[in-house]
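All values below were derived from every heavy atom in this structure, side-chain atoms included, with hydrogens, water molecules and symmetry-related copies excluded. First the proteins, then the strands, lettered A, B, ... as listed; each starts at 1.
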Amino acid sequence: MSIRDAGFLSRSRILAVVTSRPFLTFAIVALVWIVASFVSRGFGAYGHLRYLVELAAVIGIVAAGQTFVVIAGGIDLSVAAIVTVAAVGLPLFAIDADPTGLTPILAVLAMTTAIGLVNGLGVALLRVHPMIMTLAMATFLQGLLIIIAGGSAVTAANPLVSWVGNARPLGIPAGILVWVVISVVVLVVMHATPFGARLFAMGAGPLAAKLSGVPIASTTMAVYGISGFMSGLAGIIVLGMNGQGYVGIGDPYLLASIAAVVLGGTSILGGLGTYAGSIPGAILLVTITALITVVNASPGWRSILFGTLILALLLLSGREAARR
Amino acid sequence: MSNASISPHARSGSLYWAIQAKRNIGVRGLFVVVLAFMVAYGFLFHGLFTGSGFAKFTQSWFPLALVAMAQAILMLTGGISLAIGALVSLGAVLAATTMTGPLGVAGGTALVCLVGLGIGAATGVIVVRLRLPAIVVTLAGSFIIAGAALLVLPRPGGAMPPWLSDLLAGNTPAAFGVLVVVVLLWKLYLATPLGLSLYAAGENPVGAYRSGVPVDAARIAAYAISGLLCTGAGLFVAAQTGSGDPIIGNSFTLNSIAAAVLGGIGFLGGQGTMRGALAGSLLLSLMISVMFFLGFTPVAQYVAQGLIIIGAVAIPQFRMRAR
Amino acid sequence: AANCIKGDRKAPYTLGWANIYSVPTWMKQTQGTIEAEVEQLKKEGLVDKLVVTDAQGDSNVQIQQIQSMIDANVDAIILIAGSSTAPARVLADACAKGIAIINFDSLVDTNDVTAKVNTDSHQWGEQATKFMIDALGGKGKIIILNGPAGVSVSDDRRAGGNDLLKANPGIQILAETNTAYNVAPAQEAVTSLLFANPEIDGILSFGGALSAGAVLALDKQGREQVPITGENARQFLELWKEKGLKSWATMQPNWLGAFAAYTAVQALEGKDVPAFVKVPLPIIDNSNIDEYLARAKDFPADGYIYSPYDRELFAKLLAQK
Amino acid sequence: MASSVPILAARGVSKAFFGNPVLRSVSISLEPGRIHALLGENGAGKSTLINLLSGALRPDSGTIEIDGKAVSRHSPPEARRAGIAVVQQELSLTNSLSIAENIGLGAYPRRFGLVDYPALAAGAKAACDLVGLNEPLATPVGELSLGRRQMVEIAKALYRKPRVLILDEPTSSLSATETRILTTLLEKLRSEGIAILYISHRLDEVMQLCQHVTVLKDGTCTADRPLEGVNAAGLVRLMVGRDPGDLFPRWDSMRTERVAVSVNRFAAGLMRDVDLEVRAGEVVGIGGLVGQGQEDLLLGLYGAIPAKAASAVINDASGLPANVPQANTRGLAYVPADRKREGLHLIHPIVTNLMLPAFARMPALKLRSRARERETAMGLALQFAIKGDLGRAAQALSGGNQQKVALAKWMPLDPAVLLLNDPTRGVDVETKREIYAMLRAFAAAGKAVVLLSSDTPELVHLCDRVAVVREGRVVTLLERGELSEEAIVAAAMGAEPERAAA
Ligand SMILES: Nc1ncnc2c1ncn2[C@@H]1O[C@H](COP(=O)(O)OP(=O)(O)OP(=O)(O)O)[C@@H](O)[C@H]1O
Ligand SMILES: Nc1ncnc2c1ncn2[C@@H]1O[C@H](COP(=O)(O)OP(=O)(O)OP(=O)(O)O)[C@@H](O)[C@H]1O
Ligand SMILES: O[C@@H]1[C@@H](O)[C@H](O)OC[C@H]1O
Ligand SMILES: [Mg+2]
Ligand SMILES: [Mg+2]
């Protein structure tokens, strides 16, 4: 990037954006939406598209944490369990003294962030491989769920939680608004702060990052902590959307978050990528699921169709660059 | 040092074994852990040392051992598969719908093997030739394969010839015998130029290519073999259960990864050994029985399982650093 | 004597509960009824220990755990199966060893058990379908919500409605889905179906949480509620009352667990136990929903409000022909 | 010109990457019994040319000829069949495989379809003997030091019994002894009629060894002639296009009394009982055979591996740094030898690579200014003459330029102590000159430099003192006055009675 063509709107810059993976993924989403609207009446209705984005918000928020982790060279297999723990555990934190419902939310977020930090601790200090550490964490959380699930005979309805899950300020679902805020913060942290730069360096080569002075342990912990926080937030939103948490409510978000990250062009090997791709990646997944639901076919064929669509989209957006 | 300088012919036969011995070093810690569990299990359940006790135990380990191998092969090439479970299911329903029909046991076995090889090879071509990330290709593949299993058998059913069930999963340790054969075949494959190239193709593909290694072929072959092992595991599960179930394999996907990583297989390709992966799968399987005999409640089971998995990976790390 | 029983086992007995997955709330509630029953049986000197395994959703692990129960020579195994076929062979081994096996909720296609105690899934589907046809006066457009694909229980419930649907061509099936028995995926699927189908007259749902998801979907899209079938999930029953639904529900009583434990001991004690104990499906409708909701606070918010039970009920069920 | 038919030749080959021409109509012929030097600055296109010759890449235009006949589909297996073997600049080895398995890779002897291990052992042993590798053949390559790996790489090429042997900077990580073994070997192979193409940035080696030279400058051939009658200065002129100055700068000791680093009974990794003092304003060299623990000395001082010391003072604070960030805070910077894995992030833009140490130290959530980063990076690029578009991935840089990036990135930190691990490995002569001048300038500015090097002349000409390491201990500390290549080599090999360490 020489100083000459650093002009903000130079042609090469526009070209770079248009040919970038996130843009491509967005274009695919738009294309699928347009085609689907012709095929199925109602698909393209504003209300429906808005609902799809609302659903995507949950995947997108989990994927925000996942993107951080993947870019830093790891993977978080505990996101599903954390979403569930948040959704099921929130009523346990109900405090009568707080009518706004904020305290339980903060408590749950603190808890899930702490769970993430423990993941990071295992990865950074015990040097347990991320897959193993987070898988083991998911197992622990299953045990925790046996203890907490069904234990809350009475759910204190939390006004803030149901607001997040149901309200539509300015006609936009609150979940989407939360996602927008999260997205902005995530993109800034990822691409405009030294912290973000350290993640990319760690993912591209942990040894070189270490020797360059990147504090590996604390950065790793931060990354998994963020992922725990995001999963917790997602858990609160699904809890609001469904009016009830239950064991298994987080299950769909594990593979979905990974798929969104990769469909968005982030390298699963770490070091390359952007959350800007995971955003359309999440919308894409929800869109495909909705399409499949509307198609009349046996479960077997639906499953085949779903897999084939993902594969086809991957061909368009998911090429892994060669690296040595 | 000294044996290197003996004349080449005197020690040529030993090169292979010397290499094998070197490969054990990385997994010694795990072997000790597994052995400890084995001893604990034998202590808790004396029947383990009877023919049928041993047979039953190896039968519950067998399919996990196969899928751990299936996953490990891919990880050695720098790949991974999330379609392991779906392939096991497909193998099981294919076996349970063909073997008592006109195809018979031989025809059914051939079909199961061909499907595994074919799907594996196709996955390999997609991942390798189109340069797509394996993790999502196989995630998509898992839906396609699971869908196919549902088309073959929309709900649990089908049947296996009882004699085959009794042969493979009766009171004789036939499954263990088959496992030994599979491991020997793997050793044999690893002793072929293509097999040995797996490591180079996984760890340093550019260097391997420049050295004249058919990198793509080695990786695609790995996917094919992996597919075969999965549907083979499915066939065994069908024999063990006497029937087919289109979702029976689901949990093998994550378990295969856990077993392989527990066994020291790395994600970047070329790191780890099959003996490690097998030990990892054995540990996972042993853990279930040992926890039963220790009378763990479900909550304790989850907690202990998590701790054992982390411990088995972390403790050797610490021992290495302590040195 | 009952099937599998050889009469050489003496009280107090060791019971094994081979559970497929102990985390879901339905399972937890069910385990609660088993533990309560076992406490009682312990007091009576009939049971000495309850061994619980959790296969974590994996049928292969469940087989291994049943094998371990055989190895440990438990006196009885009560079982919720992860697969309707997979455990058959290991159960045959257990049966041959004289272990009493009581299978409930998710059943195995085998006769090598002492008894299966369960409601009738086929009938579940049939009665739900009948309600829907009646509610729509034999004419209307419906969507059908099924449990997960490849699982016998969902398949059986769906199959139970088949004949009636064929016989009533006025009922038009717009779309059909399979999802896990959970609120979120059902809500998601129904929302998409609502947009694709502007007119929907009824929702034939084969699971309680599915129904709750459907009601939420209609509500959120501002659509009028339509007749819907369901189960005793607390969330669904509360929505039913709140939205004034035209509805019908049945239940898979959690006390099947307690009943299975009781039955196991009865069989070990030499009582004759029928090979299949059919537990009638209780019906919840507008006439009795308030009774259920009155007890709601005694049940977990994400749980199921089951009907009361006692030993007398168990004895009666065992006595039926 | 020799009269024999070339075994391998390129005729007017051109190659471009993403539209950037790297080679323009270059020709070269390799003839039997001749050692042919290929020279050029970093990034001139040498490695690319040999990739074309060995079939790893295809030319955009032009032809490759074997025995005078044009080959249409050249590929690595094809090249092997034609008897072409390459010692890659980037090691083509697999760490998890044994020495023997690496040597045979891609050319395993077979029996019944299986790798014939006895035959492999025999062949590998023979090849190892040629290069003086005596580690057990079953040793995983990952356990070897970089220099030993390089020897394996050479043995691997020899194992193929080549007619054409291409070596891309084979000596860049070899010790003097290993280099000597290689030189003798190449002479012998040449006398057996093998055609050899030799790339090196060490001109003395080239002068001594080669008969013919091809010089590349910016992808074009600027000379193709016998070496006879050219001197080193002439070669440099051909490569650079102007008169060279002296390789080593003239300097006077600027050693001060201020102690920058002082450790007592220091131990880390292989190193034991090290007493070392480095003053501000001096360059202290670390010499010895490759892999005696020198690297652990640097890494231990840098807090990158666990280290102990009876007492330690670094920049006026006592104690060793516990980790790298602490070391950085205390004014230490480290430039690793293995730039591909340890020095750089090849998939990241050059500008990000240059900024990383700064990113590591800035407050984590401070907003970055792209403009400032670009400015800093441009300044560094200018200062170090880093050629290439700063927005492109570092892997697009030639090796020498990569090395400059790995060094330059520390400058914004203004470190008081520079720990350098073989900083001129694979670096062309012009760049070397620049780096040497820079090192002395650092010292003159009152900084301390610890220079670990496998290039003995470098130690002799640049250092105030040189510590020679053998088997994990500092065996000798040579003062400037006593420095000579002979003295260092002798100490490294234990050929001399030990002198008292300072
Ligand atoms: N695959 C590639 N893609 C893009 N650019 C490349 C590629 N390979 C080489 N280059 C570029 O081609 C130029 C020539 O590289 P080459 O490796 O041939 O140089 P070299 O003469 O070997 O340099 P050195 O002395 O540093 O080894 C370099 O500028 C490099 O950036
Ligand atoms: N931008 C690039 N993209 C892809 N591959 C590249 C790129 N740049 C270089 N390469 C590959 O790397 C090889 C070596 O290139 P490069 O010139 O960077 O290193 P080198 O000069 O050979 O090595 P050294 O680093 O030790 O001097 C090239 O032949 C090419 O295959
Ligand atoms: O009816 C269902 C029951 O069969 C299952 O086991 O748990 C959930 C219920 O909805
Ligand atoms: Mg080069
Ligand atoms: Mg180069």
- Message: If you define the side chain from C-beta out and look only at heavy atoms, does anything of A:Arg41 sit under 4.5 Å from C:Pro198?
- Response: yes
- With no hydrogens and no angle check, do the side chains of C:Gln187 and A:Asn242 hold a donor and an acceptor under 3.5 Å apart? yes
- Message: Could you tell me if the side chain of C:Phe236 sits less than 4.5 Å from the side chain of A:Gln244, heavy atoms only?
- Response: no
- Where does C:Gln31 contact chain A at under 4.5 Å (heavy atoms): side chain, backbone, both or neither? neither
- Item | chain C contact via A:Val294 - which portion, at a heavy-atom distance below 4.5 Å | both
- Query: Less than 4.5 Å apart, any side-chain heavy atom of C:Leu193 and any of A:Thr293?
  - Reply: yes
- Minimum heavy-atom distance A:Ile147-C:Lys28, with the two atoms named: O-NZ, 3.3 Å
- Query: How many angstroms lie between atom OG of C:Ser22 and atom CG of A:Leu145, to the nearest 0.5 angstrom?
  - Reply: 10.5 Å
- Side-chain donor or acceptor of C:Lys220 paired with backbone N/O of A:Asn166 under 3.5 Å: no
- Item | Structural part of C:Ile143 lying under 4.5 Å from a heavy atom of chain A | neither
- Considering non-hydrogen atoms only, spot the tightest contact between A:Tyr51 and C:Glu188 and give its length. OH-CA, 3.3 Å
- Query: What distance do A:His48 atom NE2 and C:Leu194 atom CG have between them, rounded to the nearest 0.5 Å?
  - Reply: 9.0 Å
- Checking heavy atoms, do the side chain of A:Ala290, its backbone, both or neither come under 4.5 Å from chain C? both
- Query: Where is the tightest heavy-atom contact between A:Pro299 and C:Asn178, given as atom of each residue plus distance?
  - Reply: CG-OD1, 3.3 Å
- Task: Can you tell which part of C:Gln235 gets under 4.5 Å to a heavy atom of chain A, answering side chain, backbone, both or neither?
- Result: side chain
- Item | Minimum heavy-atom distance C:Glu176-A:Asn296, with the two atoms named | N-OD1, 3.9 Å
- Message: Quick check on A:Thr289 against chain C: is it the side chain, the backbone, both or neither that has a heavy atom closer than 4.5 Å?
- Response: side chain
- Query: In Å and rounded to the nearest 0.5 Å, what is the OG to CG distance from C:Ser192 to A:Leu52?
  - Reply: 6.0 Å
- Message: How close do C:Asn182 and A:Gly248 get, counting heavy atoms only, and between which atoms?
- Response: ND2-O, 4.5 Å
- Message: Which atoms of A:Ile146 are under 4.5 Å from chain C, going by heavy atoms: the side chain, the backbone, both sets, or neither?
- Response: both
- Specify the closest pair of heavy atoms between A:Tyr246 and C:Pro185, including all atoms of both residues, with the distance to one decimal. OH-CD, 3.4 Å
